[in-house]
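The next block holds one structure in the form of structure tokens; read it before the comments.
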Amino acid sequence: AMRERAARVSLRPDPLMGPDGRAIPPERVRWHFQGFIPIRHNSRDTPESELIRKAPCEIPDVLLPDREREVAPGRAQPVWVGVDVPDDCPAGEYRGRIRVRAGDLEAALPLEVRVHDFALPRERHLWVTNWFNLGNIARAHRLEMWSEPYWEMLGRYARTMAAHRQNVTLAPLSLVQITWEADGALREAE
């Protein structure tokens, strides 16, 4: 008997064809493999009735940048798909396929998008606050705080937030490190 093995999985979107032969190009279709966060212990003070799942478990959370992912037999690998619709796209149904390759096998899954006759305004009126722990971001990506790779990663976070219309982040006051001099002047801590 042949033993099943993990397969390398990748996706490739086709153009989405719409009214009057208009198309949404494949580069406007964004997709990410869903990553999971292992939870070893539930919070002590969370009532059991409010728990989504009891630990130990894995909670879907991160959208991974990987363009390929190894998937074990019998496992499901969720994929998040989004379509950036051009502002000048006429309203209507747009249909295409997303091709999924797993090892030597390929399947074409239907992808349909309904474009409505409006565009979101460029100006944003809803203020959304995000709370981040900058040290946790460094640890999660195994980066040294304040290094060039760390700043590049923060830039990626900021671009992702902006792409999803988020516009506020809260920076802790502890980032400002100053000392008082004997003469009363403020000086940046070394």
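FYI, side chains are in, hydrogens and waters are out, and symmetry mates aren't considered; it's all heavy atoms of this structure.
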Taking [X] for its side chain and [Y] for its backbone only, find out whether a donor-acceptor pair lies under 3.5 Å.
| X | Y | result |
| --- | --- | --- |
| Glu112 | Tyr94 | no |
| Asn167 | Arg124 | no |
| Asn42 | Ala55 | yes |

Considering all heavy atoms of both residues, which atom of [X] and which atom of [Y] are nearest to each other, and what is their separation?
| X | Y | result |
| --- | --- | --- |
| Pro19 | Ala91 | CG-O, 3.3 Å |
| Val83 | Arg30 | N-NH2, 4.4 Å |
| Glu58 | Arg75 | OE1-NH2, 3.8 Å |
| Asp87 | Ala119 | OD1-CB, 4.5 Å |
| Val71 | Val9 | CG2-CG2, 3.7 Å |
| Pro26 | Pro13 | CB-O, 3.4 Å |

If we only count heavy atoms from C-beta on, is the [X] to [Y] side-chain gap below 4.5 Å?
| X | Y | result |
| --- | --- | --- |
| Glu68 | Ser10 | yes |
| Leu63 | Thr160 | no |
| Val62 | Leu64 | yes |
| Pro56 | His41 | no |
| Cys89 | Ile24 | yes |

Exercise. Apply salt bridge (charged side-chain N to carboxylate O under 4.0 Å, His left out) to Arg97 and Glu106, showing your working.
Key: CA-CA 12 Å; Arg97 298 198 180 279; Glu106 186 175 298; over 6 Å; no
Exercise. Kindly assign one of parallel, tilted or perpendicular to the pair His32 and Trp80, based on the angle between their ring planes and the thresholds 30° and 60°.
Key: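 If you compare the ring of His32 with that of Trp80, the planes turn out tilted.
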Enter the distance from [X]:[atom1] to [Y]:[atom2] here, rounded to the nearest 0.5 Å.
| X | Y | atom1 | atom2 | result |
| --- | --- | --- | --- | --- |
| Leu154 | His141 | CG | NE2 | 8.5 Å |
| Ile137 | Tyr150 | CD1 | OH | 5.5 Å |
| Leu51 | Thr46 | CG | OG1 | 6.0 Å |
| Arg101 | Leu11 | CZ | CG | 11.5 Å |
| Leu109 | Arg99 | CG | CZ | 10.0 Å |

Practice problem: Please lay out, stage by stage, how Ile59 and Phe36 fare under the test side chain to side chain contact (heavy atoms under 4.5 Å, CB included). | Solution: CA-CA 5 Å; Ile59 302 291; Phe36 293 82; 6.0 Å; no
For the [atom1] atom on [X], are there more than 12 heavy atoms of other groups (residues, nucleotides or ligands in this structure) within a distance under 6.0 Å?
| X | atom1 | result |
| --- | --- | --- |
| Asp183 | CG | yes |
| His164 | NE2 | yes |
| Asn133 | CG | yes |
| Glu148 | CD | no |
| Arg114 | CZ | no |
| Arg95 | CZ | yes |

Quiz item: On the ring face of Trp31, is Arg12 found with NZ or CZ under 6.0 Å from the centre and within 45° of the axis?
Solution: no
Quiz prompt | Residue pair Glu123, His125: steps toward the side chain to side chain contact (heavy atoms under 4.5 Å, CB included) verdict | solution = CA-CA 7 Å; Glu123 186 177 337; His125 300 279; 3.3 Å; yes
Quiz item: Are Trp146 and Trp151 close enough that their ring centers fall under 6.0 Å?
Solution: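 Yes, the ring of Trp146 comes within the 6.0 Å limit of the ring of Trp151, centre to centre.
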Quiz prompt | Worked verdict on Phe33 versus Gln77 for side chain to side chain contact (heavy atoms under 4.5 Å, CB included) | solution = CA-CA 7 Å; Phe33 290 115; Gln77 173 57 63; 3.6 Å; yes
Quiz prompt | Salt bridge flag under 4.0 Å for residues Arg22 and Asp88 | solution =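 Salt bridge between Arg22 and Asp88, a charged N being under 4.0 Å from a carboxylate O: yes.
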Quiz item: Can Arg8 and Asp66 be counted as an ion pair, charged N to O under 4.0 angstrom?
Solution: no
Quiz prompt | Verdict with reasoning, Glu48 to Lys54, per side chain to side chain contact (heavy atoms under 4.5 Å, CB included) | solution = CA-CA 8 Å; Glu48 195 169 312; Lys54 283 189 159 197; 3.2 Å; yes
Quiz item: Is there a path of hydrophobic side-chain contacts, each under 4.5 Å between heavy atoms of I, L, V, M, F, W or Y residues, that connects Leu120 with Val85?
Solution: no
